[in-house]
Amino acid sequence: MTNQLRIGVVGGSIGGLTAAVLLHELGHDVRVFERSTTALEGCGAGIVVLPITERYFVERGGRLGADESEAREVALTLTNWSYVNREGEIIEAVPTHNRFTAWNTLYRALLESFPVDQYLLGHHATAIEQRVNDDATVRISFANGEEHHCDLLVGADGMGSTVRTLVSPDTATTYAGYVAWRGTVQESELSPETAAMLGDAMIYQVLDHSHILAYAIPGPDDSIEAGARSINFVWYRNASGAYFDELMTDNYGEVRPSTVPPGFLQTQFVNELHGEAGRVLSPQLAELVRLCPHPFIQAIFDMRAERLVHDRTILLGDAAAVVRPHVAAGAAKACADAWALREHLQDPVELTAALAAWEVEQLAVATAVAERSRSMGESAQVESTMVPGDPSWRFGLFGPGN
């Protein structure tokens, strides 16, 4: 192509990998630099598949997981969005036909679409320098002593972004006051009654200053067949002060700033979760939570960069803005950032102007969705005014249901 760019992507998760796939197929020379020394794992967590999340697969002729040689699907559709009460009775059910997958499943599908020799593991970016030797290049320095020069650097390295220290160094990250307890259980382990309730519906229960949701996702082998799937739960629980500090200290004494992985939580907190499940959750959701021996925790944060572009270095995904999970649009926003970048780089007459236009658009998207997700979280966890069946809680990047 004309105007081919050398593009470096720092961070090889969903957002960075989506950008890399799209820009590679546009004809640019793309390299992904991932700090992990092994392929990423998402702790088995579930993810809501909004249209933009699987747009790449749709435009290739099938939805997420479609394979040219076989009709393989690795995302599933659930008919209803339902609410239950403490007794386990369905008190509200609305057809929504949301789609769901596992984080690992989406990651693997994207990774299969990118050249293996251009996805470089074990590359932890430690420094970024622009306008190297007075030309319009960016130099990335890595902890392993290597360097890479590129025409455009895409910072997709998450909430703790190294790239953001250059692009938007004064950005604040604020703890929201609560954490998401997450875990999965194999559908086959559930009682028939619980499996039946969760078979074709996403289930919510609204609690006092708390809420929980559960839904089916592909099983460990990406199967979406009933009985072979996993059931994912997310339980938002408030945690502050010394309790929060101890909660985020793993069973080896290491402080985990944002995530405590499966198997690393202190036993006392897992036991507390299981006990509380029996006291406040519906019988079906209590069964699900108590069957999970190794849940994990994600602390909820607010963060939004004031700028996304600095010369030839940009931010996207969680490096640009952290969206609370209530809108189920974190991955979708990262994918939207990547698709918009692709549109602006299709035939850029002048790179600076293309990036400036992209920044205006994606700042507006980030601002709107971050505020909506923050408002939802405050309603549920602080004000305790969340109402079962409220249509404003529908998932969507651009608004409820969109």
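Since the model is a prediction, treat every value here as computed from it, not as a measurement.
Under the 3.5 Å distance criterion, the side-chain polar atoms of Glu146 are left unmatched by any main-chain donor or acceptor of Ser141. Side-chain atoms of Asn251 come within 3.5 Å of backbone N or O of Gly263 as a donor-acceptor pair. Here the side chain of Gln205 pairs no donor or acceptor atom with the backbone of Leu285 at under 3.5 angstrom. Remark: the backbone N or O of Ile140 is not paired with any side-chain donor or acceptor of His149 at under 3.5 angstrom. Between the side chain of Thr367 and the main chain of Ala364, no donor-acceptor pair closer than 3.5 Å is present. Between the side chain of Thr165 and the main chain of Thr162, a donor-acceptor pair closer than 3.5 Å is present. No donor-acceptor distance shorter than 3.5 angstrom exists from the side chain of Ser82 to the backbone of Ala93, with no hydrogens or angles considered.
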Please list every donor-acceptor pair under 3.5 Å in which a side-chain atom of residues 322-329 meets a protein atom from a residue at least two apart or in another chain.
unit_1, atom_1, unit_2, atom_2, d
Arg324, NE, Asp302, OD1, 2.8
Arg324, NE, Asp302, OD2, 3.4
Arg324, NH1, Tyr178, OH, 3.1
Arg324, NH1, Glu378, OE2, 3.2
Arg324, NH2, Asp302, OD2, 2.6
Arg324, NH2, Glu378, OE2, 3.4
His326, NE2, Tyr178, OH, 2.6

Please list, one pair per line, the donor and acceptor atoms closer than 3.5 Å that link side chains of residues 12-24 to other protein atoms, with sequence neighbours excluded.
unit_1, atom_1, unit_2, atom_2, d
Thr18, OG1, Ile14, O, 2.7

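Across every non-hydrogen atom of Val179 and Ala239, the tightest pair is CG1-CB, 4.4 Å. Taking all atoms of both residues into account, the shortest heavy-atom contact from Thr171 to Ala305 is OG1-CA, 3.5 Å. Closest approach of Leu291 and Pro293 over heavy atoms only: O-CD, 3.1 Å. What you find for Leu355 and Val309 is that their closest heavy atoms are O-CG2, 3.7 Å. Ala39 and Tyr107 make their closest contact through CA-OH, 3.8 Å (heavy atoms, listed as atom of the first residue, atom of the second, distance). Between Phe296 and Val260, the closest heavy-atom pair is CB-O, 3.0 Å.
For the residue pair Glu246 / Gln268, no side-chain donor-acceptor distance below 3.5 Å is found, with atom types taken as modelled. Defined by atom type and a distance below 3.5 Å, a donor-acceptor pair is missing between the side-chain atoms of Glu306 and Ser168. In the model, Gln130 has no side-chain atom that pairs as donor or acceptor with a side-chain atom of Arg312 under 3.5 Å. Between the side chains of Asn238 and Gln381, at least one donor N or O sits under 3.5 Å from an acceptor N or O.
Listed by first and then second residue, the salt bridge (charged side-chain N to carboxylate O under 4.0 Å, His left out) pairs involving residues 9-31 are Asp29-Arg31 (not counting sequence neighbours). Residues in residues 6-20 take part in these salt bridge (charged side-chain N to carboxylate O under 4.0 Å, His left out) pairs, two or more places apart or across chains: Arg6-Asp151. A salt bridge (charged side-chain N to carboxylate O under 4.0 Å, His left out) check over residues 226-236, counting only residues at least two apart or in different chains, returns the pairs Glu187-Arg229. For residues 392-402, the side-chain hydrogen bond (donor to acceptor under 3.5 Å, both in side chains) pairs, not counting sequence neighbours, are Asp390-Ser392. Here salt bridge (charged side-chain N to carboxylate O under 4.0 Å, His left out) pairs that include residues 232-245, with residues two or more places apart or in two chains, are Arg237-Glu272.
Residues satisfying the side-chain contact (heavy atoms from CB on, under 4.5 Å) test with Pro95, not counting sequence neighbours, are Asn80, His97. Tyr204 is linked by a ring pair (Phe, Tyr, Trp, His ring centres under 6.0 Å) to Trp81, Tyr83, counting only residues two or more places apart in sequence or in another chain. Listed by chain and number, the residues in a ring pair (Phe, Tyr, Trp, His ring centres under 6.0 Å) with Tyr175 are Phe244, Phe301 (sequence neighbours excluded). Taking the salt bridge (charged side-chain N to carboxylate O under 4.0 Å, His left out) definition, one finds that Arg35 meets it with nothing, sequence neighbours left out. Looking at residues two or more places apart in sequence or on another chain, you find a ring pair (Phe, Tyr, Trp, His ring centres under 6.0 Å) between Phe33 and His123, Phe142, His148.
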### Message
As a quick check of understanding, evaluate side chain to side chain contact (heavy atoms under 4.5 Å, CB included) for Ser113 and Arg60, giving each step before the final call.
### Response
CA-CA 11 Å; Ser113 303; Arg60 293 178 70 190; 3.0 Å; yes
### Message
Test side chain to side chain donor-acceptor pair (under 3.5 Å) on Glu361 and His344; report intermediate values, then the result.
### Response
CA-CA 11 Å; Glu361 293 177 5; His344 285 283; 3.2 Å; yes
### Task
Any chance you could lay out the side chain to side chain contact (heavy atoms under 4.5 Å, CB included) test for Val32 and Gln118, step after step, and finish with the verdict?
CA-CA 6 Å; Val32 176; Gln118 293 171 220; over 6 Å; no
### Query
Could you go step by step and tell me if Arg55 and Glu59 meet the salt bridge (charged side-chain N to carboxylate O under 4.0 Å, His left out) rule?
CA-CA 6 Å; Arg55 177 181 169 183; Glu59 294 194 0; 2.7 Å; yes
### Message
Set out, in order, the CA-CA distance, both residues' side-chain angles and the distance that settles side chain to side chain contact (heavy atoms under 4.5 Å, CB included) for Tyr215 and Phe233, then state yes or no.
### Response
CA-CA 7 Å; Tyr215 51 87; Phe233 70 83; over 6 Å; no
### Message
Thr352 vs Glu350, test: side chain to side chain donor-acceptor pair (under 3.5 Å). Steps then yes/no.
### Response
CA-CA 6 Å; Thr352 300; Glu350 204 281 313; 3.2 Å; yes
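Looking at Val289 and Leu273, their side chains come closer than 4.5 Å, going by heavy atoms from C-beta outward. Side-chain contact between Leu26 and Arg342: present, with at least one pair of heavy atoms (C-beta onward) separated by less than 4.5 Å. Residues Thr37 and Leu121 fail the side-chain proximity criterion, which asks for heavy atoms closer than 4.5 Å.
To the nearest 0.5 Å, the span separating CG on Leu265 from OG1 on Thr249 amounts to 10.5 Å. Between the OG atom of Ser258 and the CZ atom of Arg256 there is a distance of 9.5 Å, given to the nearest 0.5 Å. Atom CG of Asp311 is separated from atom CG of Leu152 by 10.0 Å, given to the nearest 0.5 angstrom. In this structure, CG in Leu190 is found 8.0 Å from OG in Ser188, a value given to the nearest 0.5 Å. Atom CG of Leu198 and atom CG of Leu78 lie 9.0 Å apart (nearest 0.5 Å). Taking CG of Asp337 as the reference point, atom CG of Leu316 lies at 5.0 Å (rounded to 0.5 Å).
A salt bridge is absent between Arg304 and Glu371: the closest approach of a Lys/Arg side-chain nitrogen to an acidic carboxylate oxygen does not fall below 4.0 angstrom. Remark: Lys333 does not engage Asp318 in a salt bridge, criterion side-chain N to carboxylate O under 4.0 Å.
The one candidate from Val206, Leu288, Leu281 that meets the side-chain contact (heavy atoms from CB on, under 4.5 Å) condition with Ile212 is Leu281.
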